[in-house]
There are 4 protein chains.
Amino acid sequence: MNNSQEHGQVDDGRGKRQQILDAAYTVFSRKGYHRATVDEIIALADTGKGTVYNYFVNKEQLFYTLIKECSAKFEADLAAIAALDELPLDKVGKAIKVFLEFYVANADLWRVLMYEMRGVGTEGKSAFTLVQREKYKERFTHTIEMLEKILQEGIDQKVIRPCDVTKAAHGLFSVILMMVFQGFVGQNDESIEKVSRNIADIFLYGVAQTNNN
Amino acid sequence: MNNSQEHGQVDDGRGKRQQILDAAYTVFSRKGYHRATVDEIIALADTGKGTVYNYFVNKEQLFYTLIKECSAKFEADLAAIAALDELPLDKVGKAIKVFLEFYVANADLWRVLMYEMRGVGTEGKSAFTLVQREKYKERFTHTIEMLEKILQEGIDQKVIRPCDVTKAAHGLFSVILMMVFQGFVGQNDESIEKVSRNIADIFLYGVAQTNNN
Amino acid sequence: MNNSQEHGQVDDGRGKRQQILDAAYTVFSRKGYHRATVDEIIALADTGKGTVYNYFVNKEQLFYTLIKECSAKFEADLAAIAALDELPLDKVGKAIKVFLEFYVANADLWRVLMYEMRGVGTEGKSAFTLVQREKYKERFTHTIEMLEKILQEGIDQKVIRPCDVTKAAHGLFSVILMMVFQGFVGQNDESIEKVSRNIADIFLYGVAQTNNN
Amino acid sequence: MNNSQEHGQVDDGRGKRQQILDAAYTVFSRKGYHRATVDEIIALADTGKGTVYNYFVNKEQLFYTLIKECSAKFEADLAAIAALDELPLDKVGKAIKVFLEFYVANADLWRVLMYEMRGVGTEGKSAFTLVQREKYKERFTHTIEMLEKILQEGIDQKVIRPCDVTKAAHGLFSVILMMVFQGFVGQNDESIEKVSRNIADIFLYGVAQTNNN
DNA sequence: AATGAATGAGGGTTCATTCAT
DNA sequence: GATGAATGAACCCTCATTCAT
């Protein structure tokens, strides 16, 4: 007996709210924030237009909710790794993998987010409030800070050479993103595994020929 | 004799076409592609709405023309460096600098471009045609290929360790972009110089602690 | 034993129907007919949306019921005065006072009613049916007819000079309304008393300077 | 030769702006502010939706412009009468006539205006800004002040007995309005003439039977 | 070549009403 | 009887594009 659908109505068991979020995920990912229309979302969610506004105050807040709910698990996983009692270099490797997994899965939506988040359009009405945008940014920097933390640990333990951890973390982050956005990573585990090692290798040891290698 | 305005009208000597492009640069940079309105562009260009459509078939083509004309000099400079008869590692440094200079100067517009270029909106009417987007992408990869070329040269001369040059070039490119977009680089020459060396250093030698350093 | 709530639920003893009417009174008065929303009414009535539609067929009929129930006592009072066995001029004074009291108490709601009642929106769907509007109008003229009756009595007894009683009654009525809607009357008894005499004075004797006064 | 339509195009010679205002007059009068839709206005004006927004910033401002342009002549006429060098009682009569003419002609639209102007809906978004509403109110009181001025002149010349001129002017005004809104006045000149004298008579001398009359 | 009035498809949002529980 | 999630028609407004002058 299915406890969420006692009478087995058509409803697909996710509830309207989730259906809308799922549809919004798809549409925002495919169209970007501006070109995504509520009409298209409801068509996909198989629901009425009013229903959207029962659950979300407006298009923007629907988008924000989507981002928040999508990243929750990722942020938690990342924090767990940072807290792990392991060698920093191993943790760097694991973090890279978690990043890759998340961004490969959510590449399109996050590209949209990253664009809307930028300073562009500060003036005028704009789709995103300034305060709203700050909320998005915090989410972002928060994940990068996890990287910083791990790198700092490595420096403290003298396995990573002293450098500006903020810049280094951002650099690492940007490479990860680029690999994803340029399509250098596939959806499958082996691909992620391989690219993950690739990144770690170059990030840690550089591309220069040295007598060490 | 005025060489840009044969009949010496009030016109400020740039010609309507250029006035529009200049205004478009500003507005697209500030507002992004979608929020930029033709009305705002003509207000800034001090011209009529119809005039825009005399020179450009539509908003999208105006945007493309803008991108093309803006990047012309940059692409040429880059090609020149690649063709230089110098040490690969020096050429890498010079290329990084040219990249930084260009992207610092045009950060806002390029952020917009990079967003609109993404796979998003493949279906439907969309603002950017699929073919159109390919044209943008080619421009992009073309500049990255210059990096690849230099790196390959380094590998051939055994000053860079063998690796996937395509990925490496993209990695380097992404770090440069990130530095710009995250505001880690200032507008002044010293800043660019410094960040430029930073990037080269980490890119070439990695962050790991080795007995070499 | 609670005589209005046999089973003693939390219900505040007025019954859902009355709660809704009370809330509707407040909301319609504050917002007008169109801007008043059912959502706001149920929030104030502390009831469910469906409940409203159990008691009233639609928003419009809720409004009508409200008007009807509110004016019942007023109409009765007025009829009582008209039937009184007193001097016509005294009755005019009393009627003016009753009018003032009622309209001061219900100024906002009646302003709304008077607007919605107007000829406006004859065609099309409209909020108020033509027949519906007739019902409202009858309520209105009915109260004015009480004034006519008193005036006619005055004419018959030769204390009021012969004139078109219908117009005169409407004139008197309009002055009363104006005093209320223009905020010339306060909520307190003295104010009503004073304005009441004011109106009676001018209505009966005019503003012209005569040797009588 | 018609100097406003040199080439005799279809355009009916009023220009789009005027066509829209004319249509708006009709639709607002018939439907009231809220039920009037821009779609209906453009259908009547035989124009495109965007055109409305080329001339007026929004529905509200269209309405305001309408009111302003309609009342301009009326306000001027009234001021002229007040400034006339005649007997106050004659001026009262003339003013009443001008009021009647104007309100008979514009009864419907002004009913709408008067409703939207009221305090109702102070809170919330509402259709009319508070400041906007003040502008409307000023227009109104301005016309009533003309009446006050004439009445005061009468008092000074001792042909009108001392009383609160503000209240008296409002009283007179309200009676005029009522006559119009109740349909006691026809469109034709005789009717206006007759009602005009009626009002003046009762307003000046009251309804009470005295030995003077 | 330059212009700008006119256009209308399309988008986000509101809200009265229904109906299954 | 009481409820509130679901609905969709309707509304105001934006803005890229056209075309007659």
Side-chain angles (χ1 to χ4, degrees), chain A residues 6-7 9 11 15-17 19-20 34-42 45-60 62 125 127, chain B residues 7 9 11 15-17 20 34-42 46-60 62 125 127, chain C residues 9 11 15-17 20 34-42 46-60 62 125 127, chain D residues 7 9 11 15-17 19-20 34-42 45-60 62 125 127:
Chain A
E6 304 188 14
H7 305 298
Q9 303 86 335
D11 200 330
K16 287 288 173 187
R17 197 189 112 102
Q19 282 178 53
I20 292 168
H34 270 93
R35 269 190 289 278
T37 70
V38 176
D39 274 322
E40 199 172 353
I41 292 172
I42 62 168
D46 191 34
T47 188
K49 208 179 255 196
T51 309
V52 172
Y53 290 88
N54 282 343
Y55 290 107
F56 309 95
V57 308
N58 56 25
K59 188 183 170 185
E60 204 278 326
L62 165 60
K125 357 197 157 176
Chain B
H7 303 297
Q9 301 89 337
D11 209 326
K16 289 286 174 190
R17 199 189 108 102
I20 293 169
H34 267 92
R35 273 191 285 280
T37 69
V38 176
D39 273 320
E40 200 171 353
I41 292 172
I42 63 167
D46 191 33
T47 187
K49 206 177 251 187
T51 311
V52 172
Y53 289 87
N54 283 340
Y55 289 109
F56 309 95
V57 313
N58 56 24
K59 189 182 169 186
E60 201 281 325
L62 164 61
K125 10 204 152 173
Chain C
Q9 300 90 335
D11 209 327
K16 288 286 173 189
R17 200 189 106 102
I20 293 169
H34 267 92
R35 273 191 285 280
T37 68
V38 176
D39 273 320
E40 201 171 352
I41 292 172
I42 61 167
D46 192 34
T47 187
K49 206 176 250 185
T51 311
V52 172
Y53 289 87
N54 282 340
Y55 289 108
F56 308 95
V57 314
N58 57 24
K59 189 182 168 184
E60 202 281 324
L62 165 60
K125 10 204 153 170
Chain D
H7 305 299
Q9 304 86 337
D11 199 330
K16 287 288 173 187
R17 197 189 111 103
Q19 282 179 53
I20 293 169
H34 270 92
R35 270 192 287 280
T37 70
V38 176
D39 275 320
E40 199 172 353
I41 292 172
I42 62 169
D46 190 33
T47 188
K49 203 178 261 192
T51 309
V52 172
Y53 291 89
N54 282 343
Y55 289 107
F56 309 95
V57 308
N58 56 25
K59 188 183 169 185
E60 203 279 327
L62 166 60
K125 359 197 156 177

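Sequence lines set the chain letters: A, B, ... in the order given, protein chains first and strands last, and positions in each chain run from 1.
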How close do [X] and [Y] get, counting heavy atoms only, and between which atoms?
X	Y	value
Asp46(A)	Lys16(A)	O-NZ, 3.1 Å
Ile20(D)	Val52(D)	CD1-CA, 3.9 Å
Asn58(C)	Tyr53(C)	CA-CE2, 3.9 Å

Is there a donor-acceptor pair under 3.5 Å between the side chain of Lys59(A) and the backbone N or O of Ala36(A)? yes
Find the distance [X]:[atom1] to [N]:[atom2] and express it as a whole number of Å.
X	N	atom1	atom2	value
Ile42(C)	dT17(E)	CD1	P	13 Å
Gln19(A)	dA6(F)	CD	P	9 Å
Glu40(D)	dA10(F)	CD	P	13 Å
Asp46(A)	dG8(F)	CG	P	10 Å
Arg35(A)	dC15(F)	CZ	C1'	15 Å
His34(A)	dT14(F)	NE2	C1'	12 Å
Ile41(D)	dC11(F)	CD1	P	12 Å
Lys16(B)	dT3(E)	NZ	C1'	10 Å

Does a side-chain N or O of [X] approach OP1 or OP2 of [N] to a distance below 4.0 Å, or not?
X	N	result
Thr37(B)	dC15(F)	no
Lys59(D)	dC12(F)	yes
Tyr55(C)	dG1(F)	no
Thr47(B)	dT3(E)	yes
Tyr53(D)	dT14(F)	no
Lys49(D)	dA6(E)	no

Identify whether any heavy atom of Ala36(A) sits under 4.0 Å from a base atom; if not, whether one sits that close to sugar-phosphate; answer base, sugar-phosphate or nothing. sugar-phosphate
When all nucleic acid strands are considered with a 4.0 Å heavy-atom cut-off, which category describes Phe56(A): base, sugar-phosphate, or nothing?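 Counting heavy atoms under 4.0 Å across all strands, no contact is made by Phe56(A).
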With the side chain counted from C-beta on, respond yes when Ile41(C) and Leu62(C) share a heavy-atom pair under 4.5 Å apart, and no when they do not. yes
Do Ile42(C) and Thr51(C) make a side-chain contact, defined as non-hydrogen atoms from C-beta onward lying under 4.5 Å apart? no
When you match Val38(B) and Gly48(A) each to their closest nucleotide on DNA chain F, which lands nearer the 5' end? Gly48(A)
For [N], the Watson-Crick or wobble counterpart (both distances under 3.5 Å):
N	answer
dA20(E)	dT3(F)
dG8(E)	dC15(F)
dA9(F)	dT14(E)

Taking N and O atoms by type only, does the side chain of Asn54(D) place a donor or acceptor under 3.5 Å from a partner on the base of dA6(E)?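 Flag set: donor-acceptor pair detected.
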So which one's nearest nucleotide on DNA chain E is more toward 5', Gly50(A) or Gly50(C)?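 So the residue in question is Gly50(A).
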With nearest nucleotides of DNA chain E determined for Asn58(C) and Asn58(A) from heavy-atom distances, which residue corresponds to the more 5′ nucleotide?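 The 5'-side residue here is Asn58(A).
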